[in-house]
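Just so you know, these numbers come straight off a predicted model, no measurement behind them. All heavy atoms count here, side chains included; hydrogens, waters and symmetry mates do not.
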Amino acid sequence: IRDSPKVFNRLFVSMVRAGEASGGLDQSLVNLAGMLENQASLRSKVKSAMAYPVAVLSLVLLIVAAIILFIVPIFKKIYASLHGTLPLPTQILITVSDIVVKLAIPLLIVTVLAVIGFRKWIKTPQGRSLWHITLLKVPIFGTLVRKSAISRFASTLSSLLKAGVPVLEALDITKETVNNVVVARAVDSMSEGVRRGEPIAARLESEPIFPPMISQMMTVGEETGALDSMLGRAAGFLDEEIERLVESLTSLLEPLLIVVLGGAVGSMVICLY
């Protein structure tokens, strides 16, 4: 499987190698399967929570664009035939409609190019780093992204240590799989500390992305020789927090986004009538 890196990543290879060396390959594969299932489920929940407002806001933009492009010009002809004085909100809406109608194709081209450029930019090291930092600063959703990345760190490191993978190798693999530049830098700092003889959790206190609970649990795990178990418990606790946060977001965002949708369309209708 080492010769097929596109199919089996470094995490999979290390778990299998450690399982073969210890004679517990079956248990290593069971642990790996459980970890991957939990991470896939967690990733799906986070994506669904973040995709819902994006989908609703996209629908709002489509409806507003349809009104501006097709409905407002019809009312403009009616108002012109009446020769009346239009209120200021209606004048602004008609002016915006005229601009959008004239520049519809250039705006569409610019939007498509901007989306393509953005997708390419976040694939670069600098763009990816800045994008991850920005995501962590977004209210509410930043907390969701942060907890998801830390949970992935804890569950991955726990599985690797439980399988018997050496600490430094386990940290290097975890850094590659956390899928977050900020957490990866913190893990890299942990690796540097371990190379210097420091405890694994020694540098966590100086990393603001990690909550105190994680550093405390890792410290206790190192002192008791049960670091893998403590990391597994931390990952389970974070997963439960993420599930509660996703449920809260869904229940709060639904009425809020309905208000946004109704307010956007309703205000335009009021301007017209």
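Heavy atoms from other residues, nucleotides or ligands lying under 6.0 Å from CD1 of I78 number more than 12.
The cluster map of Ile, Leu, Val, Met, Phe, Trp and Tyr, joined by side-chain heavy atoms under 4.5 Å apart, puts L168 and M218 in the same cluster. By the rule that hydrophobic residues join a cluster once side-chain heavy atoms approach within less than 4.5 Å of another member, F70 and V100 end up as members of one cluster. One hydrophobic cluster holds both F75 and V101 under the rule that ILVMFWY side chains link at heavy-atom gaps under 4.5 Å. Placement of I258 and I270 in two distinct hydrophobic clusters is found when ILVMFWY residues are connected by side-chain heavy-atom separations under 4.5 Å, directly or transitively. Under a hydrophobic clustering in which Ile, Leu, Val, Met, Phe, Trp and Tyr are joined whenever their side-chain heavy atoms come within less than 4.5 Å, directly or via other members, I71 and I99 fall into different clusters.
Note: L171 CG to R195 CZ = 8.5 Å, rounded to the nearest 0.5 Å. Taking NZ from K147 and CD from E243, the interatomic distance works out to 12.5 Å, rounded to the nearest 0.5 Å. The CD1 atom of I122 lies 11.0 Å from the OG1 atom of T134; values are rounded to the nearest 0.5 Å. Going from atom OG1 of T224 over to atom CE of M230 covers 6.5 Å, rounded to the nearest 0.5 Å. Atoms CD1 and CZ, from I242 and R244 in turn, are 10.5 Å apart once rounded to the nearest 0.5 Å. Here CG of L136 is found 9.0 Å from OG1 of T143. Values are rounded to the nearest 0.5 Å.
Proximity of L231 to M217: side-chain heavy atoms (C-beta onward) are nowhere separated by under 4.5 Å. Under the 4.5 Å side-chain criterion, counting only non-hydrogen atoms from C-beta, I173 is in contact with E169. Two residues are said to be in side-chain contact when any heavy atoms from C-beta on lie closer than 4.5 Å; M213 and F237 meet this criterion. Side chains of P211 and R146 form a contact here, defined as non-hydrogen atoms less than 4.5 Å apart. With contacts defined as side-chain heavy-atom distances shorter than 4.5 Å, the pair L238/I214 qualifies. With a 4.5 Å cut-off on side-chain heavy atoms, F210 and I150 count as touching.
For T174, the side-chain contact (heavy atoms from CB on, under 4.5 Å) partners are F153, T156, L157, L160, V178, not counting sequence neighbours. Listed by chain and residue number, V72, K76, Y79, L86, T90, D98 satisfy the side-chain contact (heavy atoms from CB on, under 4.5 Å) test with I94 (two or more places apart in sequence, or in another chain). Every side-chain contact (heavy atoms from CB on, under 4.5 Å) that S129 has, sequence neighbours left out, goes to I133, V181, R185.
Formation of a donor-acceptor pair under 3.5 Å by the S148 side chain with backbone atoms of L144 is not found in this model.
Nearest heavy-atom pair across A154 and A235 is CB-CB, 3.9 Å.
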